[in-house]
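Since the structure comes first, as C-alpha cells, the remarks are kept for the end.
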Amino acid sequence: MAHYQRVGEVPPKRHTQFRDEQGNLRYEELMGEEGFSSDSSLLYHRGVPSAIVDSQVWELPDLSTQANHPLKPLHLKLHSLFDTDTLAWKANDPVTARRLVLGNADVRISYVVAGEASPYYRNAVGDECVYVEDGDATVETVFGVLTARKGDYVMIPRATTHRWLPDTAGGPLRLYAIEANSHITPPKRYLSRFGQFLEHAPYCERDLTVPSEPLLCEGTDVEVLVKHRGHGVAGIVGTRMTYATHPFDVVGWDGCLYPYTFNVEDFEPITGRVHQPPPVHQVFEGHNFVICNFCPRKVDYHPLSIPVPYYHSNVDSDEVMFYVGGDYEARKGTGINIGSISLHPGGYAHGPQPSAIEGSLGAEYFDELAVMVDTFRPLEIGEAGAASDDGVYAWSWAT
Ligand SMILES: [Fe+2]
C-alpha cells in the first residue's frame, strides 16, 4: 500500500539516533517487501526485535489436501463445520482453530468460528486477508490496534506479529481466512503509477482504516507462533519462538507497509446496461489469484437485459464463491445459503440454475453479498472442504 502513514513517535531523520527520556536508544527495524525494492515501514522498538530465548516446533493443524477428482462443482456448507448449538466454539481461537477448506500452492482458504483470544502469531508465508463473516474482534498488532467487524477485510502483511481478541457479546466470531504465499494488494489497475487510487476505482484511501496509535505492552518470555516456509505439508511449517521482551514495544512507525481494514459496505459497485463481468467486482489481488465481492446493487438496465450471468468457462481459473448476505440470485433453488461455498472448477462451464434466468428478468436490484476467490491454479480440497461437501450440488443444473 503506497499510502504513507505515520503513527506515534519517529525521529526527524531516518537511520539516526533516537532516544527515550532516559537516553536509551530505540531499536530501528525496517520491515520491507521484495528485498528493499518495494513498500516498507520503519518501526522503533523499546527492546531488541531479534532477541529470542527459545525456538520450538509448532505442529500446524491439518493442511493436507486431495485433488478435486473426478472433477465436479461443489457446494460446501461451512456453517456445518463448527457446532454453535453448544458453547464448544467459545474455546476456539481465530488462528490455531482454523480448518482448511481449499488450497493450492498459491493460496489457502480456511474457516473458523471462535471465541477465545489467539496466541501471538505471524504468518511469514504470505499476506493474510481475513474476511469477517460475522462478529466483532480486536486485532492487536505490532503497528497498533485494529477493530474488526462484520464485513471487514482484515489485511495483515506477511510477518506482522499480531493476535485476535474476539468480542463474543454479540455472538461468535466467524472468519474466512485467505492466506496467500504472496502479497495481497488492491488491483494494479486501480492505482496510479505512484500508487494513489484512481477515480474509477470502487474504493479509495479514505475507506481504509489503519492503526492510529502505538500499542505498548510489558512482558518477558513472550511466545509467538510463526507460520513459515519449510518442507512440511504444503511446504509450510510452524515454529514457536519465545521473545525475551514483549514484541508489542513499538513507540512509533512510518511508511507504506502496515495492516489495515476495509469494509465491504464501502465498496461502490460498478453497474451497466448489460451484464458486467466479474473484474468490475474485484477488490484485491495476490499472486495467481484475485478476490472479488458481489455487493447489493442496482442491476442491468437495458430493456432486454438478463441480470444473472451468462454461462461461463473459467478456462484459466477455479472460482470459489462464499455467500455471506442476502439471497444470491444466480444460485436460487440449489440449497446454497448464507455460509455456503460453491466451487466451480476450471474445465467446466457454469452459470445460473436455469430457473434463475427467467426469475431474474425485470429485476432492478439484487440484495446479495458474496466474496469470490478466483485461483489460476486448481484448488484441492482440505479436510474441512471434504467434511462440509453436500454431495449433490454437481447435479443441480440438470434437475
Ligand atoms: Fe462464475
Side-chain angles (χ1 to χ4, degrees), residues 68 71-78 101-104 106-107 109 129 131 176 178 187 189 202 264 267 269-272 274-286 288-297 299-300 305-361 363 366-381 385 388-390 392-399:
N68 181 14
L71 192 68
K72 279 191 303 188
L74 300 176
H75 170 196
L76 311 178
K77 302 167 87 162
L78 299 196
V101 179
L102 297 164
N104 65 18
D106 302 309
V107 63
I109 297 172
C129 168
Y131 181 79
Y176 183 75
I178 302 164
R189 69 179 187 281
V264 71
F267 188 93
I270 295 166
T271 61
V274 295
H275 194 78
Q276 297 295 295
V280 304
H281 304 285
Q282 190 178 351
V283 59
F284 298 113
E285 66 190 7
N288 270 349
F289 72 95
V290 298
I291 303 172
C292 302
N293 37 219
F294 296 83
C295 297
R297 62 194 182 281
V299 290
D300 320 343
S305 67
I306 298 176
V308 292
Y310 33 80
Y311 293 89
H312 45 290
S313 289
N314 304 330
V315 296
D316 291 324
S317 59
D318 279 16
E319 173 200 283
V320 186
M321 299 281 284
F322 178 42
Y323 303 88
V324 296
D327 189 2
Y328 201 77
E329 294 287 338
R331 298 277 88 79
K332 277 188 170 165
T334 61
I336 278 181
N337 212 325
I338 303 300
S340 292
I341 272 183
S342 61
L343 169 67
H344 299 136
Y348 161 78
H350 72 275
Q353 270 61 27
S355 63
I357 302 174
E358 289 282 358
S360 75
L361 302 182
F366 280 176
D367 180 17
E368 62 186 23
L369 184 59
V371 174
M372 180 175 87
V373 177
D374 264 18
T375 67
F376 301 129
R377 276 200 255 208
L379 283 162
E380 296 208 327
I381 301 160
S388 58
D389 182 1
D390 86 343
V392 296
Y393 178 64
W395 330 123
S396 64
W397 285 266
T399 53

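Excluded from the calculations below are hydrogen atoms, water molecules and symmetry mates; all remaining heavy atoms, backbone and side chain alike, are included. It should be emphasised that the depicted structure is a prediction, and the values quoted were computed from it without experimental measurement. Position 1 is the first residue of the sequence, and the numbers go up from there. All ligand and atom numbering here is 1-based and tracks the order in the structure.
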| task | Give a yes or no answer on whether the side chain of E358 reaches the backbone of A356 with a donor-acceptor pair at less than 3.5 Å. | result | no
| Passing option when H75 is tested against S396, S340, S388, S342 for side-chain hydrogen bond (donor to acceptor under 3.5 Å, both in side chains) | S340
| Side chain to side chain, M372 and Q282, heavy atoms closer than 4.5 Å | no
| task | State whether H312 contributes an N/O/S atom found under 2.8 Å from the Fe ion (ligand 1). | result | yes
| query | Any idea how W397 and Y348 line up, ring-wise: parallel (<30°), tilted (30 to 60°), or perpendicular (>60°)? | reply | perpendicular
| message | What is the name of the N/O/S atom of E319 that is nearest to the Fe ion (ligand 1)? | response | OE1
| task | Would you name the N/O/S atom of H350 that lies closest to the Fe ion (ligand 1)? | result | NE2
